[in-house]
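Structure first, then comments.
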There are 2 protein chains.
Amino acid sequence: MSKYVYMFSEGNAKMRNLLGGKGANLAEMTGLGLPVPRGFTVTTEACTRYYEDGETIEKDIEAEIFETLAKTEEMIGKKFGDPKNPYLVSVRSGSRASMPGMMDTILNLGLNDEVVTGLAELTQNPRFAYDSYRRFIAMFSDVVMEVPKSLFEEALDEVKASVEAIHDTDLDEHAMKQVVDRYKAIYKEQKQADFPQEPRRQLIEAVKAVFRSWNNERAIIYRRMNDIPVSWGTAVNIQEMVYGNMGNTSGTGVAFTRNPSTGEKKLYGEFLMNAQGEDVVAGIRTPQSIQQLQDIMPDVYEQFIKIADRLENHYNDMQDMEFTIERGQLFMLQTRNGKRTAAAAMKIAVDLVDEAMISKAEALMKIDPKQLDALLHPTFEPKSLEDASVIAKGLPASPGAASGQVYFNAEDATEASARGEKIILVRLETSPEDIQGMNVSQGILTGRGGMTSHAAVVARGMGKCCVSGCSELSIREKDNYFMASGKRFEKGDWISLDGTTGKVYENAIQTIDATLSGDFATIMEWADEYRKLKIRANADTVRDAVKSLELGAEGIGLCRTEHMFFEPDRIFAFRQMIVAKSEAERRLALEKILPMQRDDFAGLFKAMNGHPVTIRLLDPPLHEFLPQEDQDIDQLAEALKISADDLKTLIADLHELNPMMGHRGCRLAVSYPEIAEIQTRAIIEAAIEVNKKGMQVIPEIMIPLVCDVKELKYVKSVIVDTAEKIIAKAGVKLTYLVGTMIEIPRAALTADEIAQEAEFFSFGTNDLTQMTYGLSRDDAGRILDTYYQKNIFESDPTAKLDLIGVGKLMKIASDSGRASRPNIKLGICGEHGGDPASIAFCHELKFDYVSCSPFRVPIARLAAAQSALSDLDQMGQK
Amino acid sequence: MSKYVYMFSEGNAKMRNLLGGKGANLAEMTGLGLPVPRGFTVTTEACTRYYEDGETIEKDIEAEIFETLAKTEEMIGKKFGDPKNPYLVSVRSGSRASMPGMMDTILNLGLNDEVVTGLAELTQNPRFAYDSYRRFIAMFSDVVMEVPKSLFEEALDEVKASVEAIHDTDLDEHAMKQVVDRYKAIYKEQKQADFPQEPRRQLIEAVKAVFRSWNNERAIIYRRMNDIPVSWGTAVNIQEMVYGNMGNTSGTGVAFTRNPSTGEKKLYGEFLMNAQGEDVVAGIRTPQSIQQLQDIMPDVYEQFIKIADRLENHYNDMQDMEFTIERGQLFMLQTRNGKRTAAAAMKIAVDLVDEAMISKAEALMKIDPKQLDALLHPTFEPKSLEDASVIAKGLPASPGAASGQVYFNAEDATEASARGEKIILVRLETSPEDIQGMNVSQGILTGRGGMTSHAAVVARGMGKCCVSGCSELSIREKDNYFMASGKRFEKGDWISLDGTTGKVYENAIQTIDATLSGDFATIMEWADEYRKLKIRANADTVRDAVKSLELGAEGIGLCRTEHMFFEPDRIFAFRQMIVAKSEAERRLALEKILPMQRDDFAGLFKAMNGHPVTIRLLDPPLHEFLPQEDQDIDQLAEALKISADDLKTLIADLHELNPMMGHRGCRLAVSYPEIAEIQTRAIIEAAIEVNKKGMQVIPEIMIPLVCDVKELKYVKSVIVDTAEKIIAKAGVKLTYLVGTMIEIPRAALTADEIAQEAEFFSFGTNDLTQMTYGLSRDDAGRILDTYYQKNIFESDPTAKLDLIGVGKLMKIASDSGRASRPNIKLGICGEHGGDPASIAFCHELKFDYVSCSPFRVPIARLAAAQSALSDLDQMGQK
């Protein structure tokens with residue numbers, strides 16, 4: 001039979017999955033002999049049962065709760081519901097991971113009209129007793145019975161006004177009794193029933209409320225954002241009350257063993273005398289710094305310091321503790337590894353190693369790679385931010401902070417940039433036509449589109465800040481203004497964006513650049529000592545290449561050549577190529593692009609200084625390069641010297657029902673081998689040119705969207721024929737690789753055949769995921785909302801690597817690819833390449849490298865190290 | 001070392017893959033001691049080498065050819081190129097499968113200016129010698145050297161005119177010499193070189209020409225249509241010449257052991273005296289029936305009859321033979337299992353069993369299931385067809401013949417149908433809006449779209465004839481006419497379509513209906529004795545259900561409910577549902593549809609009389625149900641009592657970038673569970689109603705487009721809750737199954753999880769193939785043409801089941817599905833379900849059933865029997 005309830009004395013810190021974080025640590029502290037009020041934990045498995053049983057607590061679990069309650073009654077010599085010697089409890093939630101958004105705490109549970117009089121007598125403190133009772137009624141009504149909190153706050157204010165009291169502490173016993181009566185009346189009016197007087201019913205209802213709160217909307221959103229599975233459930237901690245509100249020798253507070261903002265090694269915290277925990281949070285009185293406790297109660301302070309030291313040494317990490325002092329006696333209510341800023345996390349990790357408390361490996365395992373993101377983008381200078389006013393809030397689509405003058409189209413933005421202005425590009429939504437405008441902007445703001453919209457994906461790729469889907473804005477692109485908070489912002493006006501929070505500010509705000517130095521640099525060095533995976537970056541420009549090297553990239557894993565075609569000086573030639581009626585005409589247009597593209601590649605090769613560079617041949621469907629608006633079409637037709645009607649017909653002909661599964665990728669190279677040929681020429685000629693200067697460039701030419709080995713073979717033959725001719729003519733030696741993206745399910749399924757032609761595989765998990773799910777990222781918005789609501793998906797399946805479906809394809813592909821070409825190079829590009837969970841999976845599949853956007857390189861380095869360390873750990877356990 | 005050349009005496013009929021069909025049978029006849037001119041075969045592997053070596057015959061193979069040539073010289077005592085005793089040969093192609101479109105024959109090879117004089121002397125027949133030479137020059141120039149045939153024909157006509165000859169036989173020795181001189185001059189003018197005089201060079205060039213012809217355009221097209229892989233290659237047969245043109249005791253002919261049109265057991269064929277094979281084909285003189293040979297050369301006839309009997313008994317099948325008589329001596333030049341009409345195939349198979357020549361199992365294996373198609377659709381009455389005139393030709397998109405009056409939109413067609421007219425629906429291309437119009441039509445004719453266009457797929461599903469992509473037509477839908485062959489066809493004019501040939505005729509033509517009776521019925525009974533797979537039909541209407549039962553279906557494997565929504569009396573209610581702003585409004589609209597849909601299902605259940613019926617819940621994206629044209633939108637908006645602008649906004653909102661991977665399938669049921677609920681009500685209520693009349697309906701409710709077990713679980717819960725309530729309320733017992741389509745790669749990859757909820761899997765290989773390939777069928781047209789040209793694809797990958805990619809997913813899914821639910825029912829629906837190769841694969845995976853369009857049911861029955869028999873055969877071999 002399962003055991004659903006554990007006394008604190010029965011558990012320990014290792015039982016976190018079963019007891020939740022709070023419960024496990026209370027048990028651990030109890031085991032260490034620290035002063036912890038006695039109690040017990042209802043397990044996370046009971047929560048799972050609650051949902052399985054149709055949101056109800058079955059008799060067996062209820063019985064176990066009361067049996068354990070009875071045991072604690074014996075231990076402490078008080079009885080639950082006994083007016084003469086009442087046992088009151090707190091009820092707190094506590095899941096494996098700390099989760100704001102869930103129900104937190106109910107204090108003083110067990111009180112009723114009778115018990116409160118007993119408590120008053122026993123403590124000889126009726127004011128305290130009725131204060132406790134009124135707090136309990138309000139908390140219970142609010143969090144368990146869903147009676148609006150504001151009703152109680154209003155009633156309290158009214159009583160205070162009637163006795164001319166300013167603070168709660170000004171209310172005497174009689175006023176408190178009056179508050180209790182008012183609260184009970186409110187409850188009765190709202191629930192058409194008396195306030196529950198039966199302590200056992202109060203307890204079970206409170207436990208249910210905790211379980212229920214696991215699935216409230218805020219909790220669901222938090223879980224989705226933090227990849228916490230719904231299956232974990234929450235535990236419930238039931239603990240003997242201790243009182244910080246029993247007069248001037250009582251109090252309550254929170255403290256960290258080190259500063260959670262800076263990491264400084266110094267006790268950091270605050271407390272309030274004569275108060276319960278909620279008062280600290282509510283900010284009714286200004287708390288005192290923890291150091292001031294030394295003056296007020298030196299013994300208690302001394303004891304607390306010792307406990308804090310002991311806990312930090314026991315957990316080998318910075319601790320976040322809650323405590324209560326009841327009439328001069330210290331009680332520990334919680335300890336946990338403290339949350340900290342990214343900067344603090346770095347400093348603490350390095351300091352703990354310096355203090356010989358933990359090893360380098362342990363330090364690396366302590367840092368959440370995702371947290372590094374905050375260190376890798378510009379942020380607003382905190383002082384300047386204080387005076388800034390928020391005009392709207394959208395989705396935090398790409399992190400970082402930026403200020404600039406607003407422009408509403410790519411052309412204006414490009415011109416303004418040429419004048420040296422800083423730009424925020426504001427669009428309803430972006431399309432590939434906007435690439436150049438995005439490229440010259442400091443940040444991008446869109447009115448529509450989600451976290452995986454075009455704007456969001458491209459901005460993250462470029463490492464630019466982006467706020468997307470800001471529906472509060474009313475954007476008039478054609479009239480060059482937008483409205484926000486009732487104010488009109490014209491072309492050229494300054495605004496600021498915070499892509500980490502989604503906030504949009506009026507005016508310019510000073511920013512601070514990110515640097516990889518100090519503790520951060522130290523952590524990165526340590527990560528490099530352990531990791532097995534190479535880390536590459538996705539970079540299309542010299543600027544990105546330089547940035548990625550700076551952040552530790554060891555090569556470029558994906559250079560998308562199509563972005564290069566959007567540059568204003570070549571989009572025209574490219575469009576000429578698209579409208580060309582013959583191969584000869586197409587070649588003429590391509591020849592114009594050749595020297596520019598060769599310079600692009602030469603620049604990249606030089607910047608990467610001998611590191612490998614993977615260049616993907618043209619991928620998107622051609623219609624993405626043509627304008628859609630009548631006016632633009634007319635203009636283009638004139639420039640191309642064809643009729644607008646002809647151009648419209650051509651654009652209509654290029655239209656596809658499902659462009660994602662249409663004429664793109666290597667299918668373009670099959671139709672127009674001259675495109676692949678010119679791109680190969682640009683790559684090989686650039687490599688030869690750069691190698692002449694003494695570098696050792698080994699270009700990797702990547703063929704996208706392969707679904708059958710024969711198409712790969714065909715395009716490869718075009719590449720190899722072209723390359724060999726150039727190399728022979730130049731009379732040099734040049735090594736280059738030809739490989740393919742694995743981004744279509746069939747490519748993964750037939751990887752054994754494909755590997756016979758491909759010298760490397762780069763998994764394009766963006767497209768692979770969409771096709772494996774049969775779900776288009778661009779169309780998923782409407783679908784996903786409903787799927788979240790109905791708990792079908794817990795997060796956007798295209799946003800992280802799906803290990804069981806897509807992962808199975810990746811495993812099939814890597815196994816069978818290696819079987820037919822043992823030395824095949826395996827990597828991943830696309831956004832998943834920078835996600836720690838995906839990196840762990842790539843490590844497991846023994847990939848050679850992962851490639852991600854430049855700003856995620858440090859995250860990838862750390863995640864790769866953690867994967868390698870987990871291996872060591874598992875080997876150790878065997 | 002490989003052997004690339006086999007004497008006829010070294011081979012036999014089992015070596016077909018290596019020697020080709022013709023070569024293997026020549027060897028077999030040689031082995032049987034029949035009078036076969038001596039010779040040898042260059043193997044299909046030599047053809048493969050030819051392509052591997054860069055379209056050249058390497059020295060080793062050339063040497064082997066000449067060595068074998070030398071051996072045959074010794075055997076027959078003549079020498080190749082020796083004017084005194086010349087050895088002349090024929091060169092013929094011969095692949096594994098008989099393939100029109102490839103190079104056929106070169107006769108008299110080995111002749112040159114010198115040898116021809118020797119031949120004249122030796123035979124004492126100079127006219128014969130020069131006749132043979134001029135034939136050789138023309139054939140060699142045409143098929144080997146690509147000199148246009150017409151030049152030779154013109155020259156021959158000129159010579160004939162100059163000597164006032166009518167027939168070739170009227171030309172004497174001198175005239176023939178003149179022809180030879182003219183021919184050599186033509187060759188020299190065209191090729192800037194003398195006609196090749198070196199017999200060995202002639203031979204090697206001829207062999208190369210045969211190999212080359214394996215990859216000419218006609219051969220490629222034929223292979224694609226008949227699923228013949230390019231890797232097979234062709235063999236070349238080189239054989240001593242015998243002459244049917246040596247005077248009146250010589251002749252040549254072809255004969256079948258039974259009538260290839262009717263199957264009647266009677267020698268059938270024709271011959272020409274004093275002629276070479278090409279004369280029979282060219283139809284210069286009218287050949288005589290084979291029976292007339294008895295009068296002319298009774299001994300030869302007697303000998304031939306005996307050989308024909310012997311060959312039929314030897315091969316246990318009807319034989320198609322070529323023979324030549326040289327100066328009274330009979331030679332066999334070819335035998336093979338004769339091609340026959342579908343009707344003849346049935347009769348011959350049944351007769352051969354009756355004659356105890358073969359077993360039932362062998363009879364079944366002899367019939368090509370695809371051939372049955374011709375027996376399953378109406379055909380034009382042959383007499384009426386004689387006077388019909390073809391006005392255009394399109395793609396043979398869905399077989400059958402039909403006549404009707406032309407209408408250009410679904411509405412007019414529906415009205416005309418209500419008046420009792422027969423209709424041919426003519427559209428530029430069809431869309432789901434046209435379903436109702438297609439449904440009331442006899443046939444469909446479209447101006448655009450390929451073999452897998454919407455019109456083609458739907459028509460095949462409905463079993464209606466369809467000619468698609470008829471680009472010769474100029475169709476003006478709005479003006480209600482089309483132009484063809486310079487003639488204008490107005491609304492209401494009669495035309496006729498042959499969906500088997502793609503031809504479009506003027507006026508009505510009488511048709512004959514298909515029946516499943518006589519020999520055909522016998523064959524089907526035998527097939528049912530052997531097959532393991534159940535055969536179901538895809539049927540949406542009672543008419544289809546009845547037809548499918550008639551053709552032997554054992555259930556409905558796919559009933560698409562969406563077609564039902566297009567019926568004119570309910571499309572409006574369905575559109576009301578789409579524009580509804582709340583669940584309540586949606587329910588109101590759905591309630592209107594409920595009784596109609598319940599009647600549909602009750603009708604189907606009754607028609608199927610207890611056989612299982614799988615009903616798929618609504619699948620297509622909602623935008624497919626809304627109009628696209630301004631005028632239609634205005635009309636609908638008025639009817640719906642909303643503004644046209646609002647409706648346009650709604651239609652724009654529903655627009656998707658990649659609708660195939662968008663909001664459709666079970667995703668609709670997740671968004672609007674009330675749709676699934678109403679459909680379930682209709683199904684369950686109909687089943688209860690029908691069961692009350694004593695039937696035993698077990699409905700199978702199928703959830704489409706599942707990619708994750710959780711969405712299946714959710715929709716299933718809606719279905720089960722609804723069904724259980726109705727069943728409980730009705731107080732009856734009803735068994736029903738809930739299952740899913742496997743049509744998204746991830747569903748196949750996670751089939752173990754999905755099988756925990758699904759009681760059956762139906763593989764939707766149409767969508768599964770497209771997503772596995774990342775290739776949209778609707779957008780593939782442009783891509784495929786290039787892929788065929790470049791030999792990357794040999795046929796449309798979405799048109800047949802891809803065993804190595806999609807097949808791997810199917811195997812993963814069926815294995816892991818069975819592992820988690822051993823009794824899970826597995827089937828396939830979609831067009832592949834009627835394809836023999838796919839059926840063999842489904843048999844191999846031990847599926848329970850295949851489901852196909854009603855008219856393919858007999859094909860599936862036979863193919864399933866053949867799969868089972870192949871198993872037995874393989875077990876026998878072990």
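Chain letters run A, B, ... following the sequence lines, proteins first, then strands; residues in each count from 1.
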Leu654(B) versus chain A, heavy atoms under 4.5 Å apart: side chain, backbone, both or neither?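 Both parts, heavy atoms under 4.5 Å.
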Which bit of Leu705(B) is near chain A, if near means a heavy-atom gap under 4.5 Å: side chain, backbone, both or neither?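 No part of Leu705(B) comes within 4.5 Å of chain A.
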Is a side-chain donor or acceptor of [X] paired with a backbone partner of [Y] at a separation under 3.5 angstrom?
X         : Y         : answer
Asn658(A) : Ser776(B) : no
Lys790(B) : Tyr714(A) : no
Asp779(B) : Glu656(A) : no

With side chains defined as the heavy atoms from C-beta onward, is the minimum distance between [X] and [Y] less than 4.5 Å?
X         : Y         : value
Ile783(A) : His663(B) : yes
Phe793(A) : Cys707(B) : yes
Lys710(B) : Glu794(A) : yes

Positive for side-chain contact (heavy atoms from CB on, under 4.5 Å) with Ile792(B), one of Glu711(A), Lys713(A), Arg667(A):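 When Glu711(A), Lys713(A), Arg667(A) are each tested with Ile792(B), the side-chain contact (heavy atoms from CB on, under 4.5 Å) holds only for Glu711(A).
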Given the options Pro745(B), Ala780(B), Ala747(B), which has more heavy-atom pairs under 4.5 Å with chain A than any of the others?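 So the answer, after comparing Pro745(B), Ala780(B), Ala747(B), is Pro745(B).
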Leu775(B), Asp802(B), Asp785(B), Thr786(B): which one forms the most heavy-atom pairs within less than 4.5 Å of chain A?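 It is Leu775(B).
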Residue pair Arg777(B), Met661(A): steps toward the side-chain contact (heavy atoms from CB on, under 4.5 Å) verdict: CA-CA 9 Å; Arg777(B) 189 163 65 178; Met661(A) 303 163 78; over 6 Å; no
Return the option, out of [options], with the maximum number of heavy-atom pairs under 4.5 Å with chain B.
options                         : answer
Leu668(A), Leu657(A), Thr750(A) : Leu657(A)
Arg746(A), Met660(A), Gln789(A) : Arg746(A)
Asp708(A), Asp767(A), Thr772(A) : Thr772(A)

Could you walk me through whether Ile804(B) and Glu753(A) pass side-chain contact (heavy atoms from CB on, under 4.5 Å), step by step? CA-CA 10 Å; Ile804(B) 74 162; Glu753(A) 294 181 355; 3.2 Å; yes
For Gly805(A) and Leu749(B), which heavy atoms make the closest approach, and how far apart are they?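 Here Gly805(A) and Leu749(B) meet closest at O-CD1, 3.4 Å.
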Carefully, step by step, assess Ile744(B) and Met771(A) under the rule side-chain contact (heavy atoms from CB on, under 4.5 Å). CA-CA 8 Å; Ile744(B) 285 186; Met771(A) 294 195 204; over 6 Å; no
